[in-house]
Amino acid sequence: MSVLRSVVTGVGGYLPPDVVTNEDLSRVVDTTDDWIRERTGIRQRHRASDDQAVSDLAVEAARQALEAAGRTAADIDLIIVATTTADLTFPATAAIVQRKLGCPIGIAFDVQAVCSGFVYAMSVADGFVARGHAKCALVIGAETMTRLMDWTDRGTCVLFGDGAGAVVMEPLEGQGTTADRGLLGFALRCDGTKQDLLYVDGGPSTTGTVGKLRMQGNHVFKHAVVNISEAVIAAAKAAGVEVSDVDWFIPHQANERILKGVANRLGIDEHKVIQTVGDHANTSAASIPLALAHGVADGRIKTGDLLLMEAMGGGLTWGACVVRL
Ligand code: UT7
């Protein structure tokens, strides 16, 4: 049976050039390179310059994804940006990206699901592309998380970085089997009762300020390792595949111990895990597309490979999706 699938046809990533090492941070807060590496696997993170807004990072990643797909800005009729660090309260960063890229009038909006944002955005884009409502979509995860840091809180400020990753998604006829290219299945979750574990203490309709990130890291850690596995299994079931069929596991890059813990729980071989947390730290919604772009650029991830992406973040939100590239 012929079905329309939303297929990833190009991937791109962008990291701002300014690198901040653990050593650099040890001069700002009471921390050490040893503690950060041992507890998180993070060695460094990238930081956007003062004149770079999140839309600028998004545009760079989008340009790369367009080039990889053999498309131009003129082809784009849908832009979804997953971000929690928008340029402005409104308009949506997606609208700003549309203007900066010079895309024609089309659909553009942001998705706010924090670190799970890219998985949510892919699933939302699938609703347009695989139903014939968009012919060429840009799905972008972009963040300037360093702007949300309380630089006196060593429990959070060492964990995050800035960056952007993007994919182009286009409709392609498939046979309705798991051999089809495209987004094959997803599972999304949110438990709003766990807000206090990870949130930003400001916003336009409460404090009128941007606010700073607050996290009870060890509680989030436990939640992540336990609950992500359930969503991964549900996404694999929705896709009609086994977790063991997956070629590449592309987890949200928050902490090496979390991504290894989830992979172990699921029986996924360590060699199948794409890991960038050491160099990028936690870039929230950008971390999965950045890791994907990294795996594609170094030649490990190839067209036709079965990918499993998963994430968890503020909300708490979490989720997973299965994509054949
Ligand atoms: O992307 C959204 C999802 N977020 C996450 O997935 C993050 C999840 N959480 C984590 O990754 C980990 O919980 C952390 C890396 C945040 C913390 O690691 P932990 O092993 O859970 O440490 P902890 O919070 O239990 O703290 C252990 C100790 C504490 O000292 P005491 O009370 O034992 O004396 C902290 O004060 O480590 C101390 N500590 C630090 N020490 C040096 C906390 N941060 C630092 C630091 N440098 N940067």
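We count ligands from 1, going down the list as the structure has it; atoms in each ligand are counted the same way. For clarity, every value in this text was computed on a predicted model and none was experimentally measured.
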| In terms of side-chain geometry, is the basic nitrogen of Arg214 or Asp196 positioned less than 4.0 Å from the acidic oxygen of its partner? |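 No, no charged N to carboxylate O under 4.0 Å.
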| field | Exercise: do Gln44 and Thr21 side chains pair donor with acceptor under 3.5 Å | value |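 Distance-only check fails for Gln44 and Thr21.
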| Is the closest side-chain donor-acceptor distance between Asp51 and Ser49 under 3.5 Å? |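 Side-chain D/A pair, Asp51 to Ser49: present.
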What is the nearest protein non-hydrogen atom to [atom], stated with its residue, atom name and distance?
atom                    : answer
atom 21 (O) of ligand 1 : Asn218 CB, 3.6 Å
atom 36 (O) of ligand 1 : Arg154 NH2, 3.0 Å
atom 18 (O) of ligand 1 : Arg257 NH2, 3.6 Å
atom 43 (C) of ligand 1 : Trp35 CZ2, 3.5 Å
atom 20 (O) of ligand 1 : Arg39 NH1, 2.8 Å
atom 47 (N) of ligand 1 : Thr31 OG1, 2.7 Å

With backbone taken as N, CA, C and O and side chain as the heavy atoms from C-beta onward, which portion of [X] lies under 4.0 Å from ligand 1: side chain, backbone, both, or neither?
X      : answer
Val29  : neither
Phe221 : both
Val114 : neither
Leu159 : side chain
Val158 : side chain

| atom 29 (C) of ligand 1: any protein heavy atom closer than 4.0 Å |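 Flag for atom 29 (C) of ligand 1 set to false, no protein heavy atom closer than 4.0 Å.
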| said: If you take the nearest heavy atom of each of Asp33, Asn255, Ile228, which one is closest to atom 10 (C) of ligand 1? | reply: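 Heavy atom nearest to atom 10 (C) of ligand 1 belongs to Asn255.
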| request: Can you figure out which of Cys115, Gly217, Gly41 has its heavy atom closest to atom 8 (C) of ligand 1? | output: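 Among Cys115, Gly217, Gly41, the closest heavy atom to atom 8 (C) of ligand 1 belongs to Gly217.
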| Considering all heavy atoms, the nearest Glu143-Val114 contact |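 Reported closest heavy-atom pair: OE2-O, 4.3 Å.
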| query | Under 4.0 angstrom from ligand 1, any heavy atom of Ala224? | reply |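 Per 4.0 Å heavy-atom rule, Ala224 does not contact ligand 1.
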| Where ligand 1 meets Asn282 - atom numbers and elements under 4.0 angstrom, heavy-atom basis |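 Close to Asn282: 1 (O), 2 (C).
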